[in-house]
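Each ligand, and each atom within it, is numbered from 1 in the order the structure gives.
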Amino acid sequence: MIKILSIFGTRPEAYKMIPLVLEMRDRPEVHAEVCVTAQHRALLDQALTPFGIAPDYDLNIMTVGQTLEEITTRVLRGLPLVLKDAKPDIILVHGDTTTTFAASLAAFYAKIPVGHVEAGLRTYDKYAPYPEEMNRRLTTALADLFFAPTQVSRENLLKENISDKAIFVTGNTSIDLIKHTTRKDYRFNTEALNNLDFTKRIILLTAHRGENRGQPMENICRAALRLVRENPDTFLVWPVHPGKAVVEPANAILGGQERILLTQPLDVVDMHNLMSRSFLLLTDSGGLQEESPSFDLPTIVLREVTERPEGLAAGTLVLAGVAEDSIYNEASRLLTDEAAYKKMAAAENPFGDGQASRRIVDAIIEGNFR
Ligand code: UDP
């Protein structure tokens, strides 16, 4: 029996680890436990509840206005006791958060092998995204098994002299989650969504990245307002990420406007079912860029760079940057050019086929990581 401890702390990590935890629970060869750092307390709890996952360990590190230094040191202080108690054969971390890096470092200090899920994403720009680019590079240095979502991420790891034998191309686990969430006759948990006018074309917007705070966030809001005003058959829905830097411009520029709904962040079941009924996605989220092609949902990326070039190559994503005009122009084009829209919507999802969790568990069971 292999004892595997998954450690994560934020909503996006949770959504990508949930299908893996569910898969591990189905395997008799594995004893799976979960430790949350709760770097984002409320969003994390909202994520786990619908899937019946209760953490075995909870560091509960979040404080108001927490700094990166505080997150890192609290994880480093809290984890040794958990590792001592759980005695895992291997820990699993996901992606690029500060929890990911700090948990990998704690496991290294305890000489416990680390499996990195969603390994090998890169922009090669130290400060974009910040701090995620360095979190994932540092995690690469500490990990023993690398679960690369795509060939591109595998090649990034090979360039950094990671042994080919330690890399497994699995697809992204975020795609695995869709089969647990999406239903035709779905009734939303967020009541306002049940009353949406789905005869209109739904433009779904999310924005939360650190580097989009300030002027870029205002540009995004203004571009969204113009789009909705100039296209009467559209309706904008924005699940607004908590945090002043997002809430304030969202309310100031888009609050109380016609055909615009600002909601609380959605749980992932609502999110996926809303994506399946939407026409266009505008987002700076990494996870949503991967999931949207599985809903035939063309996606405009509100960033200057993306570490998901597979989506650009496959034609599922357009990189718009964060200037008001470029966002407006790219979105307008897809609202008016039917051929361009259809081509994007029909493109195949390059990020995964829904089988990533099974491949990861197979690799751990067969792998020689001790
Ligand atoms: N998500 C969600 N509700 C929201 C926004 C995002 O359920 O209101 C989900 C989304 O489907 C994806 C994950 O959260 O699975 C992505 O998280 P987020 O956009 O917060 O972060 P990123 O992927 O950029 O790290």
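Aromatic rings of His272 and Phe295 (six-membered ring for Trp) have centroids within the 6.0 Å cut-off, being under it. Not less than 6.0 angstrom separates the ring centroid of Phe235 from the ring centroid of Phe198.
In the hydrophobic clustering (ILVMFWY side chains linked at under 4.5 Å, chained through shared members), Leu81 stands by itself.
If you look at ligand 1, the protein residues with a non-hydrogen atom under 4.0 Å away are Arg11, Pro12, Tyr15, His208, Arg209, Pro239, Pro265, Leu266, Asp267, Val268, Met271, His272, Ser285, Gly286, Gly287, Leu288, Glu291.
Sorted by first and then second residue, the pairs that involve residues 165-176 and meet side chain to side chain donor-acceptor pair (under 3.5 Å), not counting sequence neighbours, are Glu118-Asn172, Asn172-Ser174, Asn172-Glu290, Ser174-Glu290, Asp176-Ser357. For the side chain to side chain donor-acceptor pair (under 3.5 Å) condition, no pair includes a residue of residues 104-113, sequence neighbours left out.
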Stepwise salt bridge (Lys or Arg N to Asp or Glu O under 4.0 Å) check, Arg201 with Asp233: CA-CA 6 Å; Arg201 296 191 287 179; Asp233 69 331; 2.9 Å; yes
